[in-house]
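Structure record follows, encoded as structure tokens.
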Amino acid sequence: MATSISYDEVEVGTELPAQSFPVVRATLVQYAGASGDFNPIHWNERFAREVGLPDVIAHGMFTMAQAARVVTDWLGDPAALVEYGVRFTKPVVVPDDGTGALIEVAGKVAVKLDGRRVRVDLTATSAGQKVLGMARAVVQLA
């Protein structure tokens, strides 16, 4: 599968469809099982508070992966994502209240590069706070 998005049709400032990703405690347990990261700050509220956190927090790599979905869904081909990096700025706090947290992600084309590639800058927030900084993806377009 190759992306159908043409480099020639994309301009700097092109916005990707924004997405919201709900996160509940069960999501964190599932991710812990898949990733092997069973750090208790991601599932044990008592432990998280004892180490100074406000509550259980989502795995940073989980948050990073959710943000990447905005790019890969836009591309239609995950293999077209050739570089991706973020800085973790704030944790996603996931209360055990039946609602959990929401990660909101938006992206836009920031730079057109050589070789039919573009850089996409992402903004990821939760509870009104930026949770990822310098979130950037380089993608290969058709």
Side-chain angles (χ1 to χ4, degrees), residues 1-7 9-113 115-142:
M1 167 185 353
T3 186
S4 62
I5 299 173
S6 171
Y7 178 86
E9 295 174 9
V10 171
E11 300 297 330
V12 170
T14 298
E15 294 187 13
L16 283 62
Q19 294 187 51
S20 297
F21 304 98
V23 186
V24 294
R25 295 281 178 92
T27 310
L28 301 181
V29 172
Q30 291 167 336
Y31 182 82
S35 69
D37 181 353
F38 291 100
N39 187 323
I41 64 172
H42 303 303
W43 56 269
N44 184 317
E45 185 175 334
R46 179 187 48 77
F47 183 85
R49 290 183 188 277
E50 284 176 1
V51 298
L53 295 169
D55 206 331
V56 164
I57 62 170
H59 303 72
M61 296 301 284
F62 172 81
T63 304
M64 184 180 179
Q66 297 309 298
R69 288 176 56 189
V70 168
V71 178
T72 58
D73 287 355
W74 175 65
L75 292 168
D77 177 12
L81 175 63
V82 295
E83 291 179 31
Y84 181 51
V86 306
R87 290 193 179 150
F88 302 108
T89 56
K90 299 258 186 216
V92 174
V93 178
V94 184
D96 189 17
D97 61 1
T99 303
L102 192 64
I103 301 169
E104 298 175 284
V105 184
K108 68 178 166 179
V109 174
V111 179
K112 290 185 87 167
L113 305 167
R116 304 187 72 78
R117 291 181 175 191
V118 299
R119 189 186 86 210
V120 175
D121 290 354
L122 298 165
T123 303
T125 61
S126 183
Q129 298 212 349
K130 191 173 179 181
V131 295
L132 298 176
M134 300 292 291
R136 296 178 172 173
V138 174
V139 300
Q140 182 71 56
L141 300 181

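Scope of the values below: all heavy atoms of this structure, side chains included, with no hydrogens, waters or symmetry mates. The structure presented is a predicted model; accordingly, all values stated were derived computationally and were not measured.
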Item to check | Glu9 side, atom CD; Leu141 side, atom CG - distance, nearest 0.5 Å | outcome: 10.5 Å

Checklist entry - After noting the C-alpha distance and the side-chain angles of Ile41 and Val56, does the key distance pass the side chain to side chain contact (heavy atoms under 4.5 Å, CB included) rule? => result CA-CA 5 Å; Ile41 64 172; Val56 164; over 6 Å; no

Looking at every non-hydrogen atom in both residues, tell me the closest pair between [X] and [Y] and how far apart they are.
{"X": "Glu45", "Y": "Asp55", "value": "CG-OD1, 3.3 Å"}
{"X": "Gly115", "Y": "Gln140", "value": "O-NE2, 2.8 Å"}
{"X": "Val92", "Y": "Ala101", "value": "CG1-CB, 3.8 Å"}
{"X": "Val94", "Y": "Gly100", "value": "CG1-CA, 4.3 Å"}

Measure from the side-chain N and O atoms of [X] to the backbone N and O of [Y], and report whether any donor-acceptor pair falls under 3.5 Å.
{"X": "Arg116", "Y": "Ala142", "value": "yes"}
{"X": "Asp96", "Y": "Gly98", "value": "no"}
{"X": "His42", "Y": "Ile57", "value": "yes"}
{"X": "Lys112", "Y": "Val10", "value": "yes"}
{"X": "Ser126", "Y": "Leu102", "value": "yes"}
{"X": "Trp74", "Y": "Pro17", "value": "no"}

Item to check | Aromatic ring pairing Tyr31/Phe62, orientation class (parallel under 30°, perpendicular over 60°, tilted between) | outcome: perpendicular

Checklist entry - Heavy atoms, side chains only, cut-off 4.5 Å: are Val12 and Val111 in contact? => result no

Item to check | Leu132 and Leu122, any side-chain heavy atoms less than 4.5 Å apart | outcome: no

Item to check | Within residues 127-142 or reaching into it, pairs that qualify as salt bridge (charged side-chain N to carboxylate O under 4.0 Å, His left out) - sequence neighbours excluded | outcome: Asp121-Arg136

Checklist entry - How about Lys90: does its NZ atom have over 12 heavy atoms from other parts shown lying under 6.0 Å from it? => result no

Checklist entry - Between Phe21 and Gln19, does a side chain to side chain contact (heavy atoms under 4.5 Å, CB included) hold up when you go through it step by step? => result CA-CA 7 Å; Phe21 304 98; Gln19 294 187 51; 3.5 Å; yes

Next on the checklist: Under the criterion side chain to side chain contact (heavy atoms under 4.5 Å, CB included), I'd like the reasoning laid out for Gln66 against Thr63: C-alpha separation, chi angles, the key distance, then a yes or no.
Outcome noted: CA-CA 5 Å; Gln66 297 309 298; Thr63 304; 5.9 Å; no

Next on the checklist: Assess whether a salt bridge exists between Asp97 and Arg25, defined as any Lys/Arg side-chain N lying under 4.0 Å from an Asp/Glu carboxylate O.
Outcome noted: no

Residues 77-88 side chain polar contacts: donor-acceptor under 3.5 Å, at least two apart:
from, atom 1, to, atom 2, distance (Å)
Asp77, OD1, Ala79, N, 3.0
Tyr84, OH, Met64, O, 2.7
Tyr84, OH, Ala68, N, 3.4

Item to check | Stepwise side chain to side chain contact (heavy atoms under 4.5 Å, CB included) test for Ile103 and Val23 | outcome: CA-CA 7 Å; Ile103 301 169; Val23 186; 3.7 Å; yes

